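So that the names make sense, note that chain A is the first sequence line, chain B the second, and so on, each numbered from 1. The model shown is predicted, which means the values in this text are computed figures rather than measured ones.
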Number of protein chains: 2
Amino acid sequence: MLADPSRAAMVLALMDGRPRSAKKLALDAGVTAQTASAHLRKLVDANMLVWQGQGRSKYFRLTGADVAQAVEALSIIDVQRALPAAARELRFARCCYDHLAGRLGVALTEHLLRPGNTVLRDLGIELAALESSRRPLFRCCTDWTERRPHVAGALGAALLRRYMDERWLATVDGSRKLVVTPAGRSAFARFFALAPTFYAPD
Amino acid sequence: MLADPSRAAMVLALMDGRPRSAKKLALDAGVTAQTASAHLRKLVDANMLVWQGQGRSKYFRLTGADVAQAVEALSIIDVQRALPAAARELRFARCCYDHLAGRLGVALTEHLLRPGNTVLRDLGIELAALESSRRPLFRCCTDWTERRPHVAGALGAALLRRYMDERWLATVDGSRKLVVTPAGRSAFARFFALAPTFYAPD
DNA sequence: GGAACACTTCGGCCGCCGCCGAACAGTTTG
DNA sequence: CAAACTGTTCGGCGGCGGCCGAAGTGTTCC
């Protein structure tokens, strides 16, 4: 299913968890609308995508975080074998479905797990509100570039939402890549005790 | 690369980490020798397999545990979407490259991580000897069927080797599936405090 | 109503790629 | 040495599947 370049492009475009219209996905993949339609049908039949009609448009998104996780696992093979410069930035920070992944995601998670930390309280994240949601509160998502865990699930999604709302992270031209804003640097330093040297290239 | 059924069959046949000749792999995939030759060439070019000549034969094996891990991640999608009865047994115990995976692998790992356990000493596993090997001693390999970690790396390989040497586990008709022998049941009960109810079908 | 738009279905083209038969190269066995 | 065996290269066949143009359905907007 993912072996076809057009389908792969569509799925990768959806990896941020936000829905996209069929037309947008056709443009992303560089094919005509009717070709995209056939591909999207197959992806839906394979239970990888779901869609929702809205007016005359059809909005597609990944079926769930598990699909994103599997795709993550796959893309790593390519990334590690031939690593272009652009991919290095992707390794630093990217969104994986609806939460933060990459070196930054791992680092923030590690601080979150440190005994005695008060990050959630400091940020005003209400665990009670999250617990009422249907999805699991906390899920450990292994980061395939770092081989270390980062936080997913409802909490992971809530954290990323907060980072974006506060403008600590910004998306880059609609891709999955994320960059840290100046405000983000100071916020991560304050709340997560992230050293300035963390941002130095490896 | 894995989208082709013949190549997938070959790679799956190699998932136990042991090398196989080109002829054997051709039989596994159900194609002629010359077709297999072309596929194997591609897999080697893609850095997924390496080979070693021995006499007039060529023995292929996976490049490393990371390839096996990625393939594991992939196969789970299929398994979870349409689960035939045969796959259920695969979920219980299978070898992942060179270590134990599945429910059993996860359970044994959990006991190994329990504070105060003496499993390694009881089994006479020499950590010092393993530390001298080139590969990392301990690696955490996420089990995609269980979504929980199991032990990989040099220690994981040493443990599986021990299980096999002691005839606690047995391979099934050359597949990745493993079954627990009667001796294995009592051994796992003694060393890992594994309850008899563990073997009950879920 | 008609025009613009999003998506789908149909038909046919084209190219890639997996497949095999045949022939060839290197190794082992007698 | 010949015979047997493993793996490779070459050539050609065949089919699956991705691609697009054209036409059709449903929706929105004026």
Side-chain angles (χ1 to χ4, degrees), chain A residues 1-14 16 18-63 67 71 74-75 77-78 81-82 174, chain B residues 1-15 18-63 67 71 74-75 77-78 81-82 174:
Chain A
M1 203 51 60
L2 293 167
D4 175 73
S6 300
R7 281 194 295 269
M10 294 181 183
V11 170
L12 287 176
L14 290 169
D16 62 1
R18 281 193 302 239
R20 277 166 205 274
S21 72
K23 183 170 188 66
K24 180 88 175 60
L25 291 170
L27 288 174
D28 286 335
V31 293
T32 59
Q34 58 276 32
T35 301
S37 177
H39 284 311
L40 291 169
R41 178 186 180 79
K42 291 184 185 182
L43 288 167
V44 169
D45 287 346
N47 283 328
M48 296 182 65
L49 301 185
V50 291
W51 61 273
Q52 195 176 358
Q54 183 170 320
R56 57 190 169 190
S57 292
K58 241 168 138 173
Y59 283 86
F60 293 83
R61 59 179 174 81
L62 297 186
T63 300
V67 174
V71 174
L74 256 193
S75 45
I77 304 187
D78 279 0
R81 301 210 173 272
Chain B
M1 202 50 64
L2 292 168
D4 176 73
S6 301
R7 281 195 294 269
M10 295 180 183
V11 170
L12 286 176
L14 290 169
M15 279 292 286
R18 280 192 304 238
R20 279 166 148 71
S21 72
K23 184 170 189 63
K24 180 87 173 60
L25 291 169
L27 287 175
D28 286 335
V31 294
T32 59
Q34 55 280 31
T35 300
S37 177
H39 284 310
L40 291 170
R41 179 188 180 79
K42 292 183 185 182
L43 287 167
V44 169
D45 287 345
N47 284 328
M48 296 183 66
L49 302 185
V50 292
W51 61 272
Q52 194 177 359
Q54 182 170 323
R56 58 188 167 190
S57 292
K58 240 167 138 175
Y59 284 87
F60 292 83
R61 60 180 173 81
L62 297 187
T63 300
V67 175
V71 174
L74 255 193
S75 44
I77 304 187
D78 280 1
R81 302 211 173 271

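Computed from coordinates, the Leu40(A) CG to dT9(C) C1' distance equals 15 Å when rounded to whole Å. Rounded to a whole Å, the CG atom of Leu25(B) is 17 Å from the C1' atom of dG18(C). Spacing between atom CZ of Arg41(A) and atom P of dG17(D) amounts to 15 Å, rounded to whole angstrom units. Atom CG of Leu27(A) is separated from atom P of dC20(D) by 12 Å (rounded to the nearest Å). In this structure, Leu43(A) places its CG atom 12 Å from P of dT8(C), rounding to the nearest Å. Rounded to whole Å, atom P of dC17(C) lies 16 Å from atom CG of Leu2(B). Taking atom CZ on Arg20(B) and atom P on dT6(D), their separation rounds to 16 Å, with Å as the unit. If you take CG of Asp45(B) and P of dC17(C), they are 14 Å apart, rounded to a whole angstrom.
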Determine whether Leu14(B) and Leu25(B) satisfy the following criterion, side chain to side chain contact (heavy atoms under 4.5 Å, CB included), listing intermediate values before the conclusion. CA-CA 9 Å; Leu14(B) 290 169; Leu25(B) 291 169; 4.0 Å; yes

Mind listing the side-chain donor-acceptor pairs of residues 33-45 of chain A below 3.5 Å, one per line with the distance, residues two or more places apart or on another chain?
{"residue": "Gln34(A)", "atom": "OE1", "partner": "Thr32(A)", "partner atom": "OG1", "Å": "3.4"}
{"residue": "Thr35(A)", "atom": "OG1", "partner": "Thr32(A)", "partner atom": "OG1", "Å": "3.2"}
{"residue": "His39(A)", "atom": "ND1", "partner": "Arg7(A)", "partner atom": "NH1", "Å": "3.1"}

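Going from atom NZ of Lys23(B) over to atom CZ of Arg56(B) covers 11.0 Å, rounded to the nearest 0.5 Å. Leu62(B) CG to Arg18(B) CZ: the interatomic distance, rounded to the nearest 0.5 Å, is 12.5 Å. Atom CG of Leu49(B) sits about 12.0 Å away from atom CZ of Arg20(B), to the nearest 0.5 Å.
Nearest approach of Ala46(B) to Met1(B), heavy atoms of both residues: CB-CE, 3.8 Å. Summarising the geometry of Ala13(A) relative to Asp28(A), their closest heavy-atom pair is CB-OD2, 3.5 Å, with the distance given to 0.1 Å. Closest approach of Tyr59(A) to Ser21(A), counting heavy atoms only: CD2-N, 3.6 Å.
Within the structure, every side-chain polar atom (N or O) of Ser37(A) is placed at least 4.0 Å from both OP1 and OP2 of dC7(C). The side chain of His39(B) contributes no N or O atom lying less than 4.0 Å from OP1 or OP2 of dC17(C). The side chain of Ser6(B) contributes an N or O atom lying less than 4.0 Å from OP1 or OP2 of dC19(C). Between Lys42(B) and the phosphate of dG18(C), there is a side-chain N or O to OP1/OP2 separation shorter than 4.0 Å.
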Dump the pairs, protein N or O against N or O of nucleotides 21-23 of chain C, anything under 3.5 Å, distances to one decimal.
{"residue": "dG21(C)", "atom": "N7", "partner": "Gln34(B)", "partner atom": "NE2", "Å": "2.6"}

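At least one side-chain heavy atom of Leu2(A) sits under 4.5 Å from a side-chain heavy atom of Met48(A).
Residues of residues 51-59 of chain A that place a heavy atom closer than 4.0 Å to DNA chain D, in numerical order, are Gly55(A), Arg56(A).
Residue Thr35(B) has its side chain nearest to dC20(C) when only dC20(C), dG17(D), dA6(C) are considered.
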